[in-house]
Amino acid sequence: MQFVQINGVSLHHQIIGGPGNKPVIVFINSLGTDFRIWRDVIVRLAGSHPLLTYDKRGHGLSDVGQAPYSIDDHVDDLIGLLEHLNVSGAVICGLSVGGLIAQGLCARRPDLVKALILCDTAHKIGTAEMWAARITAIEEGGLSGIVDSVMERWFTSSFRASDPAYPGYRNMMLRQPVEGYTGTCAAIRDADFTEAATRIAVPTLCVVGDQDGATPPDLVLSLAKLVPKARYEVIKDAGHLPCVEQPEMLTTIIEAFLAPIISGEAAHG
C-alpha cells in the first residue's frame, strides 16, 4: 500500500506503471466509497496507460483531516499528490464528487490536465437544503439510517437484488468515516462550477448510467451542454456507479474517447 503526506493528510493511493508515452489516467472516487470502485476498469486498462487512483480525504484509508471540507481542500490534495508524483498533462476521471474535484483542478491548474472524463456528475449537484438534510440525518442516525436510500440511487434494482457484490458495496459506504462523509457533503453543497464549465478547454467526456438516481442523465447532459465540444454518453443498465455495474462498457467508452486524443498528439509529436 502506498501513502503520502499531503497538506497534513495521509493519502492512500495506488500508481500502476504503463507506457511512458501515454498520459496518466487519474481516477477519483465518489462520496461514500474508496478507490476500489475503479478496480474492474483499472484491470482492463492496466498496461495500456499509467494509472493513478487514491482515496480522497475522509474516505478509505486516507486521513479525515479537518472537516467539514471545501472542494478546494480536495483539489489541493489532488494537486499535491500529482506534484509529488511528478504527474502533469493527465487524463482526470472523476465520479460524482470526483467529477467536481476534476472540474476544480482543471479550473485552477490546467497544466495538469490533458482531458476530462466526468462520470455521473454535474456542474452543481443538489441543493443546499438537500445536503443540510442529509448531514442532519447522518448526525442523528449515522450512515446506517440513509444507506438503503443511497443504494437505490447508486445501483439498479437487478444489481441490488442479485449481484453477490452488492452487500460489499453497501458495507463500503457504511464503513466510511462519518466525519469524512458529512465533511464531503458540505464540500458538494457549496461547489458550483456552472460558469467554470463553460471555460473548459480540454477534450471532455460526460458519461452517465441510464438509471442513475443521484445525478440523472438529464443533469449530466446539462453539464455536457455547458462544456465546449463535450462528448456525452449514456451507459445502459447502470446506476450511479457504472464502473461497478458496467465496467467493460465504461472502459470501451474511455478508450474510444482517448484514442483520437493520443493519436493526434503522436501525429503532432
Side-chain angles (χ1 to χ4, degrees), residues 1-4 6 11-19 22-62 71 74-75 77-85 87-106 109 112-121 154 169 172-173 176 184 202-209 212 214-215 220 233 235 238 240-258 261-262:
M1 292 191 289
Q2 297 164 302
F3 296 86
V4 63
I6 302 291
L11 292 181
H12 178 219
H13 63 285
Q14 182 178 46
I15 188 156
I16 301 170
K22 298 281 188 70
V24 177
I25 305 177
V26 181
F27 296 92
I28 317 171
N29 58 301
S30 56
L31 175 67
T33 69
D34 58 50
F35 71 51
R36 289 175 293 185
I37 63 170
W38 296 107
R39 178 195 176 276
D40 290 341
V41 172
I42 284 172
V43 296
R44 288 171 167 84
L45 290 171
S48 63
H49 283 268
L51 307 171
L52 169 64
T53 189
Y54 72 104
D55 293 336
K56 65 182 172 292
R57 64 168 61 201
H59 289 72
L61 300 184
S62 293
I71 281 293
H74 287 299
V75 173
D77 291 345
L78 180 52
I79 290 171
L81 180 61
L82 294 176
E83 289 183 338
H84 172 77
L85 296 170
V87 171
S88 61
V91 176
I92 311 296
C93 179
L95 175 62
S96 198
V97 66
L100 292 173
I101 296 166
Q103 292 172 70
L105 177 71
C106 189
R109 290 291 303 274
L112 299 178
V113 181
K114 180 180 294 295
L116 290 173
I117 301 169
L118 304 176
C119 294
D120 299 81
T121 190
W154 277 15
Y169 286 99
M172 180 185 287
M173 178 181 157
Q176 299 305 317
T184 300
V202 296
T204 301
L205 167 66
C206 298
V207 60
V208 62
D212 186 339
T215 54
V220 180
E233 298 276 357
I235 297 179
H240 191 52
L241 305 180
C243 51
V244 172
E245 289 196 79
Q246 299 294 342
E248 187 171 0
M249 180 55 67
L250 178 58
T251 305
T252 297
I253 290 170
I254 289 172
E255 289 175 325
F257 168 67
L258 291 180
I261 298 168
I262 293 165

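Residues: numbered from 1 along the sequence shown.
Residue I28 holds its CD1 atom at 8.5 Å from NZ of K56, rounded to the nearest 0.5 Å. The line from CD1 of I254 to NE2 of H49 is 9.5 Å long, rounded to the nearest 0.5 Å. To the nearest 0.5 Å, atoms OG1 (T184) and CD1 (I101) are separated by 7.5 Å. Within the model, atoms SG of C93 and CG of L250 stand 6.5 Å from one another, a figure rounded to the nearest 0.5 Å. Atoms CG and CZ, from L95 and F35 in turn, are 15.0 Å apart once rounded to the nearest 0.5 Å. For the atom pair OG1 of T53 and CD1 of I37, the computed distance is 7.5 Å after rounding to the nearest 0.5 Å.
The minimum heavy-atom distance between V26 and L78, with the atom names listed, is CG1-CD1, 4.1 Å. Scanning all heavy atoms of the two residues, the minimum distance from V41 to C243 falls at CG2-CB, 3.9 Å. Between G209 and D120, the shortest heavy-atom distance links the atoms N-OD2, 3.0 Å. A pairwise comparison of heavy atoms in C106 and V113 identifies CA-CG2, 4.0 Å as the closest pair. Contact between S30 and V97 at its shortest, heavy atoms only, is C-CG1, 3.9 Å. Across every non-hydrogen atom of L81 and L11, the tightest pair is CB-CD1, 4.5 Å.
Taking the six-membered ring where tryptophan is involved, the planes of F3 and H12 are essentially parallel, since the angle between them stays under 30° and well short of 60°.
Checked by atom type and distance alone, the side chain of S62 never pairs as donor or acceptor with a backbone atom of G58 at under 3.5 Å. Checked by atom type and distance alone, the side chain of E245 never pairs as donor or acceptor with a backbone atom of L241 at under 3.5 Å. Remark: side-chain polar atoms of S96 are not paired, donor with acceptor, to backbone N or O of L31 under 3.5 angstrom. When atom types are taken as modelled, the side chain of Q2 and the backbone of I15 share a donor-acceptor pair closer than 3.5 angstrom.
Using a 4.5 Å cut-off on side-chain heavy atoms (C-beta onward), L45 and F27 make contact. Considering only heavy atoms from C-beta on, I117 comes within 4.5 Å of C119 through its side chain. You'll find the side chain of L105 reaches within 4.5 Å of the side chain of L82, heavy atoms only.
Counting only N and O atoms by type, the side chains of H59 and D34 include no donor and acceptor under 3.5 Å apart.
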Before giving the answer on side-chain contact (heavy atoms from CB on, under 4.5 Å), spell out for W154 and M173 the whole-Å C-alpha distance, their side-chain angles and the decisive distance to 0.1 Å.
CA-CA 11 Å; W154 277 15; M173 178 181 157; 4.0 Å; yes

Carefully, step by step, assess T121 and Q103 under the rule side-chain contact (heavy atoms from CB on, under 4.5 Å).
CA-CA 10 Å; T121 190; Q103 292 172 70; 4.3 Å; yes

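Annotation: M249, atom CE; neighbour count of heavy atoms from other residues, nucleotides and ligands within 6.0 Å does not exceed 12.
The salt bridge (Lys or Arg N to Asp or Glu O under 4.0 Å) check on E83 picks up R109, with sequence neighbours excluded.
L52 pairs in a side chain to side chain contact (heavy atoms under 4.5 Å, CB included) with only one of the listed residues (I16, I92, L85), which is L85.
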